[in-house]
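Accompanying notes for the structure given below.
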Amino acid sequence: MADKAPAAVEVVAVSKRFGSGADAVVALDEVSLALRPNEFFTLLGPSGCGKTTLLRLIAGFEQPSAGQILIDGEPVAGLPPYRRPVNTVFQSYALFPHMTVAQNVAFGLEMRRRPAAEIAATVAEMLALVRLGGLEARRPAQLSGGQQQRVALARALANHPKVLLLDEPLSALDLKLRKEMQAELKRIQHATGLTFVFVTHDQGEALTMSDRIAVMSGGRVLQVGTPEDIYERPTHRFVADFIGDTNLLEAECIAHDASGSRCRVADGIEIATAQSAAVGTRVTLAIRPERVELARAAPTGWPARVESVTYFGTDTTVQMMLGGAVTFQARVQNRNGAVHAFAPGDTVRVSAPPDAVRIVAD
Amino acid sequence: MASPARSGRMLLTAPALAIIVAFMLLPLLLMAYISILEKGPAGGVRWGAHTVEAYVAFLFERDLADELVLNTDYLRIFLRSFWLAGLTTLITLAIGFPTALGMALAPPRWRTFLIFLVTVPFWANLLVRNYAWIILLRNNGLVDQARHAVGLGSGPLDLLYTPVAVLIGLVYSYLPFMVLPIFASLEKLDWRLVEAAFDLGARRWQALRRIVVPLAMPGIVAGCILVFIPGLGAFITPELLGGGKALMIGNLIQSQFGAARNWPFGAALSFALLALVLLAMLAYLLRYRAPPGAER
Amino acid sequence: MSPSSLRFPGLRAVLASFFVYLYLPIIVLVVLSFNASPQATIWTGFSIDWYGRVLDNPDLMRAFRNSLLIATTAAVGATVLATLAALGTQRRQGGAVDAVNAVIALPLVVPEIVTAVASLLFFIMIGLRLGLGTVILAHLVFCIPFAYLPIRARLEGMDAALEEAAADLYATPAATFRRVTLPLLWPGLLSGLMLAFIISLDDFVITYFVSGPGATTLPVYIFGMIRIGVSPEVNAVSSLILLISIAFVAASWVIGRLKR
């Protein structure tokens, strides 16, 4: 990284195996990442992809099998969790049930033997930050899910960590509350200027909240980038498929020039992409359905037959057959109400701008 | 989560294991060894003198000419123990299953209280619970008094100090052992399965027999084992309610360390009892214990 | 989740008669302990004289003191050992843990009479004089599983993230144990202690074999009284021991349900 400040967290070729010998499970496979100070960084992937393991390695609950982790430029190998300048918001919140809200928030400060006056002031400040003033004397069991979530947040933030780790913190909340807490988390991140490492399997949550996202699968990081990068320019088939809907087409590259390449999907169906690939290579193309243009009688475009039409409220999905063998879908916005021109059996012309056609690795 | 700190923690089990191994496992091994020693002339044993005499004594005794002759006294006690323990199991099952079903179908707020009511006698002193039946069963005791009061015969029933009295005592002592495991498996039962059976045209008793009983089978078998095993080794009940007329294995074992002073025979009897119990446990584990991870 | 559609006729009656059957003998015993008549089973009037007799019986009171001493020592010792063992196997699985659990369950599996015989032979062979010491040792052994089960259940029910959260908040392992694990374990510990205590207090068979002349416990003494015959004094002392058992079980039950 070119920045003068060290990375908030740097993960260097970290692997983690559970078990040993033939039974060993590789949870992380040579993962490298560098998190910038003050960014909202999301680890996104399906369950079992290694995202929680990576978070636990940073927190110190597990030790890597290989590679190293630096927090704020300092290697943390062998340091137990209680010696690391990071704090965690747990998926289950892990609030101490035998302590009040105030005692929970004060716990970390007490453990570091801060003066009582400072503890009291910080507890009040943090509870105000998460808007829980007045609930100091409650027990966790007397709080709603959203309130418990805020206590967990305040308890972690009270220690002024260099990095805040959040392990699927919103997964236990219902939809409405989750939306509310997403906004709340962003607000708190701006207010505190901390580096947040956020683990989730919810792509929508990742896209709306993150500065950058690392998409993980099978213990590896496939792509790191801004939400727009990840969505508009996926580099891997998995990334394109996991985030949003996508058309994946097998094709062969038949020509290429300065502006991009032409690829053949089937006889008579050739698609232009803005990316370049060597002539003769087999490639996978990813095209987002909403970037597909449909017309009943355009002079250009590939011929397709409409198979089914599904109404989704804001838009309508048209499922088609390209060249008689390749399924393909387009999403048409219902700008003019639910009135759309397509019905099963119709023949239509399909096209997509070259920058919407992405070559992805398998 | 096998960090080095956690693997060292296993050492914390050492003191408890050491105590149990030293004062339970070793004594059991010693007992097994003593069962193959010759008995000493004035009680005790003769070290180094090995013999299977104690096991032979289950079925045979030596007459004056030192010949082995069949003696079925001990065999009869063994058979009586099996018979009483088996009958106890059947009766507790007959009482325990409907009770457990009633508890499982009771409103949830009642259920915890009912469990509590079943557990209290389970922890109450066994000696005292058997003593209560002496008061009830003895001649002109409360059972006789109640019988006379409603005009069912006169004179004593002579129930106490009979195998029937022992049976009554055993059933009473071990009933909670039957109810609790059956209740535990009925409580976990998905009652929507029963509704599905009704939906498919089953009548109540058919649903009970075809759905509820098979699914409660692990609890039923566990209950049977939990009743049969201590029933087989019962000592207090036959001692108090059998009065020497309905001896069971437990009393026979005890007498070898009292009046009879035949330690090897007592040890052999104990070892045989232990072997029976362990076989029963093994059979249960093999049949009803799900392979690791299958349930979770 | 019991369905309202599933009703069996007469099940309530079965349930009611079951509990009558379970409690009637105990209630009769307690009622008769207040009987004025020296004839144990014929009611003549109310009296608490028999309780006075019990409390004035020096042998019986000595046996009761022995029982308390043995139960307290064995229960405290067993709870300490069981707590250590439960912490050692906390959130672990596999062959080693199965083996530990099997050994700890051993005293529950082996018939009491067999344990009694084996312990008696063992103590004689290693030359320990039968007395309070041998009784306490024997009780310690069979109290361990009774203390272990509720403590382990409590530990297993504890969210692993709580201890991680404490570590994450700068608590050393010792501080985590003191501030988080122990306070949350407390009800299980107390419940285990009480069960071990009551099991020890009630034990007859094993004690009968290994107690020797100087270490008569309350159940052994009562056994002797019962053998002599039914008497109002036995009714009174039996009622007292029932009361103690029930009080402890009730307390243990209430504590076990705390803060779940």
Side-chain angles (χ1 to χ4, degrees), chain A residues 19-20 23 52 55-56 58-62 79-99 103-114 119 126 139-142 148 151-161 163-169 172, chain C residues 79 83 86-99 150-194 251-252 254-260:
Chain A
S20 56
D23 296 335
T52 294
L55 196 79
R56 293 173 61 82
I58 298 171
F61 302 134
E62 316 273 358
L79 278 190
Y82 50 91
R83 298 236 168 79
R84 296 190 181 204
V86 298
N87 289 107
T88 308
V89 176
F90 290 83
Q91 184 170 11
S92 60
Y93 313 144
L95 298 180
F96 303 126
H98 56 301
M99 299 182 194
Q103 286 168 332
N104 265 283
V105 178
F107 189 85
L109 299 164
E110 269 178 48
M111 287 298 119
R112 288 195 299 171
R113 308 194 191 289
R114 309 304 306 166
I119 293 178
M126 289 302 146
R139 298 275 174 145
Q142 298 168 300
Q148 292 184 19
V151 177
L153 203 56
R155 185 177 71 173
L157 290 171
N159 306 289
H160 303 295
V163 180
L164 186 72
L165 308 174
L166 302 106
D167 184 8
E168 307 225 12
Chain C
T79 306
T83 307
L87 288 170
T89 58
Q90 186 189 9
R91 281 191 273 283
R92 289 168 146 276
Q93 279 167 12
V97 172
D98 287 349
I151 294 172
R152 185 170 152 82
R154 187 86 193 176
L155 270 179
E156 291 304 302
M158 207 183 284
D159 183 0
L162 288 174
E163 284 167 337
E164 288 182 351
D168 189 62
L169 296 165
Y170 312 103
T172 59
T176 300
F177 183 74
R178 209 179 57 246
R179 295 288 305 273
V180 176
T181 314
L182 199 57
L184 293 174
L185 187 56
W186 199 236
L189 230 131
L190 218 52
S191 160
L193 181 75
M194 288 180 146
S252 163
V254 169
I255 289 165
R257 295 169 57 81
L258 284 180
K259 298 191 199 165
R260 266 287 153 90

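Note that the coordinates shown come from a computational prediction; the quantities given were computed from them, not determined experimentally. In what follows, chains carry the letters A, B, and so on, assigned in the order in which the sequence lines appear, proteins first and then strands, with residues in each chain numbered from 1.
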A:Phe90 and C:Leu162, any side-chain heavy atoms less than 4.5 Å apart: no
Contacting moiety of A:Leu95, where chain C heavy atoms sit under 4.5 Å: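 Contact with chain C: backbone only.
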Side chain, backbone, both or neither of A:Gln91 within contact of chain C (heavy atoms, under 4.5 Å): neither
Minimum heavy-atom distance between A:Arg84 and C:Tyr170, given as atom pair plus value: O-CE2, 3.4 Å
Taking atom [atom1] of [X] and atom [atom2] of [Y], what is their separation to the nearest 0.5 Å?
| X | Y | atom1 | atom2 | result |
| --- | --- | --- | --- | --- |
| A:Arg56 | C:Asp168 | CZ | CG | 10.5 Å |
| C:Arg179 | A:Phe107 | CZ | CZ | 5.0 Å |
| C:Glu164 | A:Tyr82 | CD | OH | 14.0 Å |

Other residues, nucleotides, ligands: >12 heavy atoms within 6.0 Å of A:Arg112 CZ: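 Enclosed: over 12 neighbouring heavy atoms sit under 6.0 Å from CZ of A:Arg112.
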Name of the residue among A:Thr88, A:Asn104, A:Asn159 meeting side chain to side chain contact (heavy atoms under 4.5 Å, CB included) with C:Leu169: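 Looking at A:Thr88, A:Asn104, A:Asn159, the match for C:Leu169 under the side chain to side chain contact (heavy atoms under 4.5 Å, CB included) is A:Asn159.
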Residue, of C:Ala175, C:Pro173, C:Ala167, that accumulates the most heavy atom pairs under 4.5 Å with chain A: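 Among the listed options, the one with the most contacts to chain A is C:Ala167.
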